[in-house]
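Everything numeric in this text was worked out from a predicted model, so none of it was measured. Chain identifiers are assigned alphabetically (A, B, ...) following the order of the sequence lines, protein sequences preceding nucleic acid strands; residue numbering begins at 1 within each chain.
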Amino acid sequence: MNTRHFATFVWLRSRIRVNQLRRGGIANQIILALLVGMAVMAAVGLLVGGFFAGLIAMPKADAAARLLVWDGVVVAFLFMWMIGLLTDIQRSDPLTLDRFLHLPVSPSGVFVINYLSSLSSMTLLLFVAAAGGLLVGQLFAVGPVMLLGFVLLAAFVFAVTALTYQFQGWLAVLMSNPRRRRTIVVFVTFGVILVAQTPNLINILRPWKTTTPPSVVLPPPEPISTKPGETPPTRPLAPPYAEIKKEHDRKTWEQVSDTAWLLNAVIPPGWLPNGLASLSEGGVLSTLLGTLGFVAVGGGCLYRAYRTTVKYHTGQFATGGSAKAPKQVAPLPIDKPTMVEWQLPRVSEHAAAVAVSSLRGLLRAPETKMLMLVPVILAVVLGGLLIAFAKDIPQPVRPLIAIGLSAMVLLTGVQVAGNQFGYDRAGFRAFVLAPLSQRDLLLGKNLALAPILLGIGVVLAMLVGIVLPMRPDHYPMVIAQLVSLYLLYCLMMNFLSIVAPMPLAAGAMQPTNVKLAPVLWQFGFMMVYPFGVGLVLLPLGIEVLTQEITQIPWLPIGVVLSFGLLTAVTVVYRRSLTAQGEWLTRREKDILLVVTSKVE
Amino acid sequence: MPAAIETETLTRRFGDMTAVDGIDLRVERGTFYGFLGPNGAGKSTTIKMLTGLLAPSDGRVRVLDRDMLDAAESLDAKRHIGVIPENLALFDNLTAREYLTFIGRMHLMEREVIRQRAEELLTLLDLHTEHTKLTLEYSHGMRKKLALAAALLPNPDLLFLDEPFEGVDAVTSRVIRDLLANFVARGSTVFLTSHVLEIVEKLCTHVGIIVKGKLVEQAAMADIRAAGTLEDRFLKTAGADGEVAPKISWLEGGASS
């Protein structure tokens with residue numbers, strides 16, 4: 001790799017990026033320019049803010065406080081970095097090695113270029129700005145010894161980016177099988193979410209022994225006799241309490257700082273805060289050891305990444321395990337209907353075929369697997385809280401929580417449900433070519449999503465019902481309200497799918513070449529959705545109001561009104577579906593152009 | 001003889017560019033029609049308009065005597081046609097059998113009929129061993145074969161095939177050719193685009209040539225053969241017969257090493 005190659009690769013990357021932007025349209029370019037401008041301003045803000053914090057506030061704090069400040073910066077960076085990683089594994093790298101191996105360029109050269117390109121990240125820019133600002137501030141406050149901090153910071157960035165690069169390379173090798181690729185995307189996403197939720201989980205579970213704050217038993221107040229017109233004297237706070245509390249706080253702080261120093265010495269990302277906080281106290285050893293550690297980790301990761309990548313692209317890589325014998329495929333059962341052959345009662349053959357075929361595909365799609373993980377994540381995040389506060393949650397609020405959680409599940413499904421034809425990709429042609437009415441297509445699509453979205457919603461609602469027992473009539477009320485909400489949601493999702501389809505690359509979960517209009521429509525949905533949720537909650541509201549007025553707590557008004565509302569919503573759904581079907585017939589060719597457009 | 005396909009001044013514009021420029025096409029029933037043209041001439045755009053995948057900017061389209069611009073008539077026509085569109089129309093997450101079942105149900109076929117025909121077609125096209133493979137994991141040739149199976153499954157009267165032989169192995173190519181020849185022999189119609197002129201010359205009874213969006217030639221294959229080969233006619237019509245490949249001096253010099 002010589003300088004001309006290097007310049008050519010830099011040009012290639014920039015050219016690809018510019019062409020992508022051009023294809024996105026003028027509105028996208030403006031938005032992107034605004035975002036870049038905001039990011040640069042944020043970086044400058046962080047740099048300046050960090051500088052003053054490092055110059056003025058940091059010297060006044062003790063070493064443990066400085067350590068925790070650096071911990072905060074590192075944790076925030078790693079969190080954002082993981083989110084970026086999540087986005088990146090769903091995208092294919094435009095500069096994969098196999099596009100260059102036939103050219104007279106050394107694989108190591110392309111590898112280095114790719115690695116350096118991976119450094120151009122907004123998160124890294126903001127982190128370096130914030131950390132750099134703090135360091136410069138401390139450099140002025142503490143002295144030249146802080147210069148070593150820049151070396152440690154650079155080593156940290158090197159280690160993190162190299163480790164990420166190795167991880168991505170390893171994933172890329174694993175994901176060479178398209179089916180496996182999608183499973184990995186799901187599980188990595190889930191893993192990142194769980195890791196990100198770890199602090200929350202720890203906070204809920206509190207495995208450590210909590211130190212209860214000191215309580216002071218005050219003696220019973222002595223009777224104070226006051227004469228008319230004379231203000232009673234205020235009783236002074238018992239002086240020992242303030243001292244006890246101060247002592248307690250001091251002990252807690254000691255405990256926290258001891259734990260923080262220990263964790264930072266043991267967990268590698270903590271080497272940066274550990275080294276920098278020690279450095280401001282004049283300790284150089286931690287900084288040097290941290291730098292050496294980061295360089296070793298980064299170098300090792302890059303070396304392994306390089307070996308793995310080159311082996312893979314030259315056909316020498318095996319993903320491990322012994323060669324398996326070809327899987328014996330069981331012959332198809334003669335009489336038992338397969339899932340795509342299922343009939344659905346009171347549903348036309350076309351709608352049933354669309355429903356079961358789409359459901360079959362959805363159950364294999366990574367985006368759906370991700371959706372099915374939502375209740376697990378919600379249970380992890382909110383389950384502990386609900387259990388902890390179950391006794392304090394009043395009866396009328398319990399159905400509200402059940403419906404609220406299910407409404408959140410529906411909201412998480414917008415990516416799939418609001419772009420139903422985008423997920424069909426080339427398959428949408430089959431719907432246009434097929435002799436079916438588009439009303440049946442919409443009905444089938446809505447039915448296909450029901451077991452996933454409505455099913456998860458009902459399961460969650462019932463789980464809430466177990467943790468927070470509700471009045472018996474509230475269970476059917478919640479179910480009726482959920483079905484009403486789902487029908488309204490379907491109408492909104494059909495609307496979005498027709499008016500704002502977005503193309504998706506094969507095997508990817510994220511829309512590509514997104515135009516401004518679909519984003520605005522999605523935003524509009526977010527504005528309207530709460531009204532839909534509010535509408536289905538009306539029966540519960542009326543019930544609570546009636547109980548307040550009549551003072552009869554057992555009146556089952558909510559359940560009656562909910563079923564009435566469900567009937568009304570069903571009528572609206574059926575009529576609207578016909579109109580939406582006719583609209584889809586008029587729009588189908590435009591939608592086809594969008595969802596089958598070429599994507600990266 | 002009634003026409004299987006008939007267009008009047010069929011036009012499609014994309015912005016300032018006219019991809020298909022007022023073509024008047026007539027394909028009789030029971031013919032094997034080859035639709036030829038250089039890359040970017042407008043073949044695929046025409047097929048898309050004929051099959052209802054793309055709305056024309058102007059003109060009329062009648063397929064099997066139904067107006068394709070009328071929603072109800074178009075729906076009726078779709079019951080009698082099979083299509084292999086450009087870039088196909090498969091669902092990533094279905095297996096071949098599941099996809100064929102879906103297509104069969106769209107044509108309101110009985111479950112047993114779908115199963116029997118799917119098995120026969122998959123065996124014929126050598127896809128029957130791939131029980132669990134998703135179409136996402138298929139090679140390009142396998143995807144093409146599955147699309148052909150789907151087009152044939154409802155036993156249509158008219159087949160639209162956009163480059164059916166592209167990426168298909170020689171054995172399967174032969175199977176497809178025989179299958180299509182028998183299909184036409186029973187009175188059905190095939191409308192295909194292909195760049196492989198030898199196959200078109202062997203199979204087709206009629207040929208249309210489109211160049212830069214204009215239909216410049218419609219003729220019976222017998223007439224073309226009487227005057228020479230299809231390749232000669234195509235090159236002449238496409239305006240490339242007199243062209244001599246420009247010389248590149250550095251390519252004609254000695255090898256560099």
Less than 4.5 Å apart, side chain to side chain, heavy atoms only: is that true for [X] and [Y]?
X	Y	answer
B:Lys48	A:Leu592	no
A:Thr596	B:Asn87	no
B:Leu134	A:Arg364	yes
A:His350	B:Met106	yes
B:Arg111	A:Pro337	yes
B:Phe91	A:Phe428	no

Chain A contact via [X] - which portion, at a heavy-atom distance below 4.5 Å:
X	value
B:Leu90	backbone
B:Leu88	backbone
B:Thr51	both

**Message:** I need the contact set between residues 61-85 of chain B and chain A: heavy-atom distance under 4.5 Å, sorted by residue number.
**Reply:**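 Checking residues 61-85 of chain B against chain A gives B:Ala71, B:Leu75, B:Lys78, B:Arg79, B:Val83, B:Pro85.
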**Asked** Could you name the residues of residues 154-168 of chain B that have a heavy atom within less than 4.5 Å of a heavy atom in chain A?
**Response**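 Within residues 154-168 of chain B, no residue comes under 4.5 Å of chain A, counting heavy atoms only.
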**Item:** Under 3.5 Å: donor-acceptor pair, side chain of B:Arg105, backbone of A:Val340
**Value:**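 Confirmed, B:Arg105 side chain pairs with A:Val340 backbone.
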**Request:** Output, in order, the C-alpha distance, side-chain angles, deciding distance and verdict of side chain to side chain contact (heavy atoms under 4.5 Å, CB included) for A:Thr338 and B:Glu98.
**Result:** CA-CA 8 Å; A:Thr338 59; B:Glu98 287 171 347; 5.7 Å; no
**Message:** Please evaluate residues B:Asp92 and A:Arg425 with respect to the criterion side chain to side chain contact (heavy atoms under 4.5 Å, CB included), reporting the C-alpha separation (whole Å), side-chain torsions for both, the decisive distance (0.1 Å), and the verdict.
**Reply:** CA-CA 8 Å; B:Asp92 291 348; A:Arg425 301 182 179 90; 3.6 Å; yes
**Message:** Nearest 0.5 angstrom please: B:Asn93 CG to A:Ser358 OG, how far?
**Reply:**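 It comes to 10.5 Å.
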**Item:** Atom group of A:Val356 that falls short of 4.5 Å from chain B, counting heavy atoms
**Value:**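 Contact with chain B: side chain only.
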**Contact class of A:Thr585 relative to chain B, heavy atoms under 4.5 angstrom** =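 Looking at A:Thr585, just its side chain touches chain B.
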**Request:** Check side chain to side chain donor-acceptor pair (under 3.5 Å) between B:Asp16 and all other residues, then give those that pass, not counting sequence neighbours.
**Result:**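 Side chain to side chain donor-acceptor pair (under 3.5 Å) list for B:Asp16, sorted by chain: empty.
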**Message:** Just checking B:Arg186: does its CZ atom have more than 12 heavy atoms from other residues, nucleotides or ligands closer to it than 6.0 angstrom?
**Reply:**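 Yes.
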**Prompt:** Around B:Lys212, counting heavy atoms of other residues, nucleotides and ligands shown, do more than 12 lie under 6.0 Å from its NZ?
**Reply:**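 It does not: B:Lys212 NZ has 12 such atoms or fewer within range.
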**Request:** Decide, yes or no, whether a salt bridge links B:Arg115 with A:Glu341 under the criterion of side-chain N to carboxylate O below 4.0 Å.
**Result:**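 Between A:Glu341 and B:Arg115 there is a salt bridge, with a charged N closer than 4.0 Å to a carboxylate O.
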**Prompt:** Any side chain to side chain donor-acceptor pair (under 3.5 Å) pairs touching residues 426-448 of chain A, not counting sequence neighbours?
**Reply:**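 Listed by first then second residue: A:Ser348-A:Asp440, A:Asp424-A:Lys445, A:Gln438-A:Glu588, A:Arg439-A:Thr578, A:Asn446-A:Asn494, A:Asn446-A:Tyr573.
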**Request:** Select, from A:Ala430, A:Ser357, A:Gly427, the one with the greatest count of heavy-atom pairs under 4.5 Å involving chain B.
**Result:**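 When all of A:Ala430, A:Ser357, A:Gly427 are compared, A:Gly427 has the most.
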